Amino acid sequence: MRNFTRLQYFTAIAEAGTITAAAERLNITKAVVSKQLQLLEAELGTALVIRNSRHLKLTERGAAFYESARAALMQIEEAYRGAQQGNEVPTGELRVTAPLDFGVAFVSEATAAFARRYPQVSVDLNFTDARLDPVENRFDIAFRVGWLKDSANIARKLADFQQFAVAAPTLMESLDRPSVPDDLIALPFIANRALTDADRWLFQGAGEPARNVALTPAIRANTAMGIKACAMAGGGFAILPDFLVNDALRDGSLVRLLPDFTLISGGIYAVFPPTPFRSAATRQFLHVLQGRLHAAFRNALASG
């Protein structure tokens, strides 16, 4: 028979960072925690941590085992709670990371709605354009916008988006409106410094060969919301995801350039640690966010 209590001790060590801190968290002695770790490593036949008098670090196998152990303990907890309550009520902590612009536009609102619905869950949000790995950084959900790289994590596509070339109508009053992609070369361009190749864009027209256009930026910025603000102020034209500019296109503060041409589309993804179990909080948060996305994209299509 497996001793599942040792999984609790091990996950506490991994999360607290030291055996001493884990013992304090579990309200037991350091000697007990240390002994149970030794027994677990002996049972598995592998080292889970590297430790000295001051530091403790998970081995590669220890990090992988931590994710599985954490998922197993969460599933056990959910099973107990479901039996006690007769249904699945999200509780505990939920850690989420998302790109800054997408986080502000969608995840913040979804989090507020989720928190009102499930006050038993504590949500920890991290908005950054750095692609933090959910396993290494212990996130339950990592949202990605754009194009996914190969990964051992589990990804689920939530929506597709298009990219539009947009500009302020006041800017276009003083410049010749482009009719083909090459006309953009003469216009001031606001580039997104966060993109790998922000100055080259592939335009596809109906029944025409694709055109690769090299642009010379007048302004560079590192967030899409900042780029959008510069474009609305007349600083130049920009290429931005539709979900960030649909509102401005509706109210006329931005106009779409080259509507007969399309740019490469992207996706919005939820990325999870590679474990077979997701907590009730994770599943319900995703459900709330998808509702917001579907409503926003449906409204955009209806108004378009």
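Values in this document were obtained by computation on a predicted structure and should not be read as measured data.
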Mark yes or no for whether [X], through its side chain, and [Y], through its backbone, hold a donor-acceptor pair below 3.5 Å.
X: Lys57; Y: Val49; answer: no
X: Ser108; Y: Gly103; answer: yes
X: Glu41; Y: Leu48; answer: yes
X: Thr59; Y: Ala47; answer: yes
X: Asp242; Y: Gln162; answer: yes
X: Trp201; Y: Ala165; answer: no
X: Thr11; Y: Leu7; answer: yes
X: Asp183; Y: Val180; answer: yes
X: Ser34; Y: Ala31; answer: no
X: Gln163; Y: Ile264; answer: yes

Please, which pairs that meet salt bridge (Lys or Arg N to Asp or Glu O under 4.0 Å) have at least one residue in residues 111-131, sequence neighbours excluded?
Arg95-Asp124

Counting only heavy atoms not in [X], do more than 12 sit closer than 6.0 Å to its [atom1] atom?
X: Arg61; atom1: CZ; value: no
X: Gln120; atom1: CD; value: yes
X: Asp197; atom1: CG; value: yes

For Phe143 and Tyr269, I'd like to know if the aromatic rings sit close, meaning centre-to-centre distance below 6.0 Å.
no

Indicate, with yes or no, if the rings of Phe106 and Phe243 have centres closer together than 6.0 Å.
yes

Is there a path of hydrophobic side-chain contacts, each under 4.5 Å between heavy atoms of I, L, V, M, F, W or Y residues, that connects [X] with [Y]?
X: Leu187; Y: Ile227; value: no
X: Ile239; Y: Leu249; value: no
X: Leu258; Y: Leu215; value: yes
X: Val96; Y: Phe102; value: yes
X: Phe114; Y: Leu289; value: yes

Using a 6.0 Å distance limit plus a 45 degree cone around the ring axis, check whether Arg256 lies over the aromatic ring of Phe164.
yes

Kindly indicate whether a cation-pi arrangement holds for Arg278 with Phe272, taking the cut-offs as under 6.0 Å to the six-membered ring centre and within 45° of the axis.
yes

Please work out which of the three classes, parallel, tilted or perpendicular, describes the rings of Phe65 and Phe10, given edges at 30° and 60°.
tilted

Output all residues satisfying side-chain hydrogen bond (donor to acceptor under 3.5 Å, both in side chains) with Gln36, sequence neighbours left out; order by chain, then residue number.
Arg6

Is there a side-chain contact between [X] and [Y] (heavy atoms, below 4.5 Å)?
X: Pro274; Y: Val135; value: yes
X: Asp101; Y: Leu244; value: yes
X: Lys157; Y: Leu148; value: no

Which is it for Thr128 and Asn126 under the side chain to side chain donor-acceptor pair (under 3.5 Å) test, yes or no, and what are the steps along the way?
CA-CA 6 Å; Thr128 175; Asn126 185 308; 4.9 Å; no

Show your reasoning for whether side chain to side chain contact (heavy atoms under 4.5 Å, CB included) applies to Gln204 and Phe261.
CA-CA 5 Å; Gln204 179 69 60; Phe261 291 83; over 6 Å; no

If you compare all heavy atoms of Thr91 against all heavy atoms of Ala281, which two are closest, and at what distance to 0.1 Å?
O-CB, 4.3 Å

Going by side chain to side chain contact (heavy atoms under 4.5 Å, CB included), name the residues that satisfy it together with Ala14, two or more places apart in sequence or in a different chain.
Leu58, Tyr66, Arg138

Thinking salt bridges, do Arg70 and Asp140 make one under a 4.0 Å N-O criterion?
yes

